[in-house]
Each structure stands twice: as structure tokens, then as C-alpha cells.
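Below: one structure, written as C-alpha cells.
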Amino acid sequence: MALYLVVHDPSPGEEDHVRPPTRLRELAEATRGEHASPRWIKAWSPDLHDDRIFTMWEARSAEEITAALKEFGFLDEFSAKPFQVREWGPDDVLAGGE
């Protein structure tokens, strides 16, 4: 499975459009554990002045993540842009030699 970073941007709200609440707890239950696919790893909220949310996932495809978010109502109030990423850091750079 590949690693994905997903940027969730708030959708422009329609004040008079009533939607069911996001089923965040059910999303967490369905996407946790080492055998889940997609697997939700972690989420970050930048600060009080930025309404975006960032999440990290393991999945076979970006579409698999989008389908899970849609199923549990998370795309009702946010758009989601999954990007496949590769995790690396200083130790990887130093291990690569010169």
C-alpha cells in the first residue's frame, strides 16, 4: 500500500442546506488497524486561523480514500485532495552518502 497526505479544505457552506452529521467515529472505526484499507493513520489541524485539516493514510489508491470519506459524510463539508507521498528525513539523506 502507498502512503497519502490528504488536504481537506472547507467547502463553501450553503446556509439553508441541511446535511446529516459527519460520521467521524464510524470513519475512525472502519479505517483503523493494520489490515484496514484504506487505513487512517493521523490527522493535523494547523491552528485557529486555518480551517484546513491534513490527514495521513495508507491505501491502494487515492480513490479508495475518497470513497471512504464520502461514505462517512466527510466530503459534505470538506473537499479532499489526496497526494501520494514518500516519507523521508535527515537520516535517509545521510544514509545515502555523498
Side-chain angles (χ1 to χ4, degrees):
M1 287 204 290
L3 195 60
Y4 288 86
L5 176 68
V6 182
V7 179
H8 305 264
D9 284 309
S11 299
E14 296 177 22
E15 305 265 337
D16 56 346
H17 183 68
V18 177
R19 296 182 178 119
T22 296
R23 296 171 29 230
L24 188 58
R25 184 171 183 82
E26 289 94 337
L27 174 65
E29 289 171 348
T31 59
R32 70 179 188 153
E34 63 183 75
H35 299 294
S37 186
R39 184 169 79 91
W40 179 17
I41 300 170
K42 195 169 285 224
W44 298 269
S45 300
D47 65 31
L48 297 174
H49 305 290
D50 190 338
D51 291 332
R52 293 177 299 167
I53 298 171
F54 299 86
T55 57
M56 183 68 65
W57 296 76
E58 281 183 343
R60 290 183 281 268
S61 69
E63 292 79 16
E64 187 177 48
I65 298 166
T66 303
L69 293 171
K70 184 175 183 178
E71 178 182 351
F72 292 98
F74 211 77
L75 293 181
D76 288 348
E77 297 181 16
F78 287 88
S79 65
K81 297 177 189 128
F83 298 93
Q84 188 172 352
V85 296
R86 184 170 132 329
E87 188 174 2
W88 57 277
D91 291 339
D92 300 300
V93 172
L94 295 173
E98 292 194 34

Q. Taking all non-hydrogen atoms of both residues, which atom of E87 and which atom of D92 are closest, and how far apart?
A. O-OD2, 4.4 Å
Q | S37 versus M1, closest heavy-atom pair with distance | A | OG-SD, 3.3 Å
Q) How long is the gap from CZ on R60 to OH on Y4, to the nearest 0.5 Å? A) 11.0 Å
**Q.** Point-to-point distance, once rounded to the nearest 0.5 Å, from OG1 of T66 to NZ of K81
**A.** 11.5 Å
Q) Is I65 reachable from F78 through a run of I, L, V, M, F, W or Y residues, each pair having side-chain heavy atoms under 4.5 Å apart? A) yes
**Q.** Value rounded to 0.5 Å, distance of CG in D51 from CG in D9
**A.** 9.5 Å
Q) Which value, rounded to the nearest 0.5 Å, describes the distance between H8 atom NE2 and W44 atom CH2? A) 10.0 Å
Q. Are F83 and W88 joined in one hydrophobic group, where the rule is that I, L, V, M, F, W and Y side chains link up if heavy atoms are under 4.5 Å apart?
A. no
Q. Where do F74 and V6 land on the side-chain contact (heavy atoms from CB on, under 4.5 Å) test, with the steps shown first?
A. CA-CA 12 Å; F74 211 77; V6 182; over 6 Å; no
Q: Could you tell me which non-hydrogen atom of S11 sits nearest to which non-hydrogen atom of S79, and how far apart they are?
A: OG-N, 3.6 Å
Q | Single-linkage hydrophobic cluster, 4.5 Å side-chain cutoff, L24 and I53 together | A | yes
Q) Quick one: CH2 on W57 to CG on L3, what's the gap to the nearest 0.5 Å? A) 12.5 Å
Q. Are W40 and V7 co-members of a hydrophobic cluster defined by side-chain heavy atoms under 4.5 Å apart?
A. no
Q) Yes or no on side-chain contact (heavy atoms from CB on, under 4.5 Å) for T31 and R39, after CA distance, side-chain angles and deciding distance? A) CA-CA 5 Å; T31 59; R39 184 169 79 91; 5.8 Å; no
Q) In Å, rounded to the nearest 0.5 Å, how long is the span from CD of E64 to CD of E58? A) 11.0 Å
